[in-house]
Protein chains: 4
Amino acid sequence: MAGRRYDPDRRERLIDAAIRVVGRKGIAGLTHRSVAAEADVPLGSTTYHFATLDELLVAALRRLNEGFAAAVGAGIAPAGPDDGGEAPDLAEELARQLGRWLAGDPSGDRTGVELEYELYLAALRRPALRPVAAEWCEAVTALLARRTDPRTARALVALMDGLSLQVLLTGAPYDPGYVADVLRRVLTGAGPPVPPEGG
Amino acid sequence: MAGRRYDPDRRERLIDAAIRVVGRKGIAGLTHRSVAAEADVPLGSTTYHFATLDELLVAALRRLNEGFAAAVGAGIAPAGPDDGGEAPDLAEELARQLGRWLAGDPSGDRTGVELEYELYLAALRRPALRPVAAEWCEAVTALLARRTDPRTARALVALMDGLSLQVLLTGAPYDPGYVADVLRRVLTGAGPPVPPEGG
Amino acid sequence: MAGRRYDPDRRERLIDAAIRVVGRKGIAGLTHRSVAAEADVPLGSTTYHFATLDELLVAALRRLNEGFAAAVGAGIAPAGPDDGGEAPDLAEELARQLGRWLAGDPSGDRTGVELEYELYLAALRRPALRPVAAEWCEAVTALLARRTDPRTARALVALMDGLSLQVLLTGAPYDPGYVADVLRRVLTGAGPPVPPEGG
Amino acid sequence: MAGRRYDPDRRERLIDAAIRVVGRKGIAGLTHRSVAAEADVPLGSTTYHFATLDELLVAALRRLNEGFAAAVGAGIAPAGPDDGGEAPDLAEELARQLGRWLAGDPSGDRTGVELEYELYLAALRRPALRPVAAEWCEAVTALLARRTDPRTARALVALMDGLSLQVLLTGAPYDPGYVADVLRRVLTGAGPPVPPEGG
DNA sequence: AATGAATGAGCATTCATTCAT
DNA sequence: TATGAATGAATGCTCATTCAT
């Protein structure tokens, strides 16, 4: 913690530390001090790299988004070349995927979804986060739109958000069959998927 | 602020004040002090009536629920005696209602929905709020179940939550036609409404 | 510094401490911490009694005013019953008095005038101090008006302020003969003193 | 803000920036950072050119003096060759001039006088500024001495300072008739003006 | 039952300064 | 010669909580 001059990517380490802190203590527990301690960095260093906590929050949410989009992208295969207007098993794939996320890390800290939702929902009161939240929303919608039309994709995202929150907020058990069922209803009458670029 | 000894419904006034404070400054701005000032009550009085802020938060969310359930109940008429398995215009009614809530109070403070969602979503990190959030969710679901079946009702609530959050978090405009459309899809194939008690 | 609950007139002690701190380190050195240390009182106590530093500054300047007005009043005897339109030796009395103030306390800390002027002049940038500065100005003017007319009194105050500042700001030596001379010029053609109340 | 290597009059630009900063935020708001930002110059550059803030303050006050002396000189014409011992309208000229300064710039920032007085009065606590304050005082006195004798000039300066401060500190309205009156009294019995050099 | 006073911990932020480049 | 990065100290202020009344 002393004399450690010259430390490139300290900025990145601070973002990582911020994510861990939020995971452990929530956004309310994210302070310059807690981040500094978590990153093992002098206090002044946090304000040097991120003048305000909002800046740090934005960076954290953005990094989370990248990781999340990658995860979703890996889980949701794009539509095959000869798919009809609607992917046959998308509803079930999504329901299964959602179940995996919500089950989460059984170990100590909060699960990934909870952390992610906390940051995402923080945009409600923090305008600075709004653009990042919008990016996240659009990114996931775009991924799903590879298997259905954009309007349907957006509705799927909303429904999955709503169902996840019901589980997270009320402690209700997750029922994959039920979720697949209602997702399927939204997929009913969906248009053709967005063709991949260059197609 | 002084000498106001006998004051039987001070407790209620504190809850009202707490709601106003959260509306104006967010949950992060809810402190014993801010509530005391808002309610024009000595500081010690707040800790006396609500030992912790969580207690106050629970009371506030519960009060909000009551008002909200009443509003929803008034907006969503129960199914008539000879309705078929599904109310013909429920989707549009809900979309319109949602639009009204999201448009909100154009005056100073935050709109009602934003306030309500902030408290509701706070349950993510505050276990004490979880039971109240569950109550809220069940109450609204039950109201909608008077026009469709419970599983569908729960999905409608989730979808409306998700769509509302998209609007609130990303600043996207609200499109009632789109919302009615996707709500209608969820209503597709819904079962019969829950018969009124005693029916 | 510990366990000293119940300490009435702690508020007064804080004001005294603030005056000593400003005397020693200037307004720039007046911080909640420095006052707390000087008064041997916990830090939180300073913000409890004076929510902002401006409040403390106002209280300090006001207290200083009282003492100063008393000192001036003692030094400047009111006009005798049969005085003509102008007190014969007022100019010299004032010049002598001014010399005594500017000579000040040869010991360590800043002299009283310097301290007083620093707080008084701070009103230039701190609107909160303005009313107190105005009070001070009027009080001294009223005292002098007992020996001459109010317009002349106000000018005497201005001239004495200006001459004092020349000494304090530029380090020029104080020349009582010169000061008496120019004060006398202002007194030339002055009207009758303000009659004492009830006279 | 980057790569601006060759920049010969950066020093001057920093002084200008410092004056603007003091005008906007007061001496207390003058920091290396605020100057750097105002001058659009890297932070390190300010400490490089002015090791301490006092140095910068001295430079700023000195520059202000030059401009002010020029303004006064332009406003106060020297005595004509056949003037009697006393300039007939000097009192009124000065009163009018003072009124113009105190009215100041009606636009956003602080008026020029306020800024100038703040820096001038700062000498009270900052010995480094004392010589510059003395220069200012002497310069203005010398200018006025071209229309009256030096002792009287010095008193005029003191009286004008005192009257200006009354207006600035207490918010009292400026009354040019009154000011001319009392200035005239000081001019009463003044000696002959200082003859121009070489006269 | 109720409350004014008190206090220790903590927070976001700002800053002068140092130093390696 | 300049400067971006870094840092330790400090500041004003807020707060939950305690306690004596």
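Bear in mind the structure is a predicted one, so any value in this text is a computation, not a measurement. Chain letters run A, B, ... following the sequence lines, proteins first, then strands; residues in each count from 1.
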Requested in this report: Please confirm whether the backbone N or O of B/R125 pairs with a side-chain atom of A/E118, one donor and one acceptor, at under 3.5 Å?
Outcome: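 A pair under 3.5 Å: no.
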
Requested in this report: Give a yes or no answer on whether the side chain of A/S34 reaches the backbone of A/G29 with a donor-acceptor pair at less than 3.5 Å.
Outcome: yes

**Report entry** B/P42 side chain, from C-beta outward: closest of E/dT3, F/dA16, F/dT7
**Finding:**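 Among E/dT3, F/dA16, F/dT7, the one nearest the side chain of B/P42 is E/dT3.
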
Requested in this report: When you get a sec, tell me which of E/dG10, F/dA16, E/dT3 is the closest nucleotide to the side chain of B/S45?
Outcome: E/dT3

Query raised in the report: Which residue, B/G44 or D/R33, contacts DNA chain F at a nucleotide closer to its 5' end, judged by nearest heavy atom?
Result: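 Nearer the 5' end of the strand: D/R33.
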
Check whether any side-chain nitrogen or oxygen of [X] sits under 4.0 Å from OP1 or OP2 of [N], and answer yes or no.
{"X": "A/H32", "N": "E/dG10", "result": "no"}
{"X": "C/Y48", "N": "E/dA5", "result": "yes"}
{"X": "B/R10", "N": "E/dT3", "result": "yes"}

Taking atom [atom2] of [N] as reference, at what distance in whole Å does atom [atom1] of [X] sit?
{"X": "B/K25", "N": "F/dC15", "atom1": "NZ", "atom2": "C1'", "answer": "12 Å"}
{"X": "A/D9", "N": "F/dA6", "atom1": "CG", "atom2": "P", "answer": "10 Å"}
{"X": "B/L43", "N": "F/dT14", "atom1": "CG", "atom2": "C1'", "answer": "12 Å"}
{"X": "A/F50", "N": "F/dA6", "atom1": "CZ", "atom2": "P", "answer": "12 Å"}
{"X": "D/L30", "N": "E/dC15", "atom1": "CG", "atom2": "C1'", "answer": "12 Å"}

Query raised in the report: Tell me, which stems hold DNA chain E, with a stem being 3 or more Watson-Crick or G-U pairs in a row and both distances under 3.5 Å?
Result: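 For DNA chain E the paired stretches long enough to count as stems (3 pairs minimum) are E:2-21 with F:2-21.
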
Could you tabulate the donor-acceptor pairs under 3.5 Å formed by side-chain atoms of residues 53-62 of chain A, not counting sequence neighbours?
from	atom 1	to	atom 2	distance (Å)
A/D54	OD1	A/R126	NH1	3.4
A/E55	OE1	A/A51	N	3.4
A/R62	NH1	A/E135	OE1	2.8
A/R62	NH1	A/E135	OE2	2.6

Partner set under side-chain hydrogen bond (donor to acceptor under 3.5 Å, both in side chains) for [X], not counting sequence neighbours:
{"X": "D/S45", "result": "D/R10"}
{"X": "A/E12", "result": "A/R63"}
{"X": "B/E38", "result": "B/R20, B/R24"}

**Report entry** Residues forming a ring pair (Phe, Tyr, Trp, His ring centres under 6.0 Å) with C/F68, sequence neighbours excluded
**Finding:**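 Once residues adjacent in sequence are excluded, the partners of C/F68 under the ring pair (Phe, Tyr, Trp, His ring centres under 6.0 Å) criterion are C/W101, C/W136.
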
Query - ring pair (Phe, Tyr, Trp, His ring centres under 6.0 Å) partners of A/F50, counting only residues at least two apart - result: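 Testing A/F50 for ring pair (Phe, Tyr, Trp, His ring centres under 6.0 Å), a comparison that skips the adjacent residues, returns none.
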
Query raised in the report: In chain order, what residues pass the side-chain contact (heavy atoms from CB on, under 4.5 Å) check against C/T47, with sequence neighbours excluded?
Result: C/H32

Requested in this report: Return the residues of residues 51-62 of chain D meeting this criterion: a heavy atom under 4.0 Å from some atom of DNA chain F. Order them by number, or give none.
Outcome: none

Report task. Classify the nucleic acid contact of D/T47 as base, sugar-phosphate or nothing, counting any heavy atom under 4.0 Å across all strands shown. Result -> base

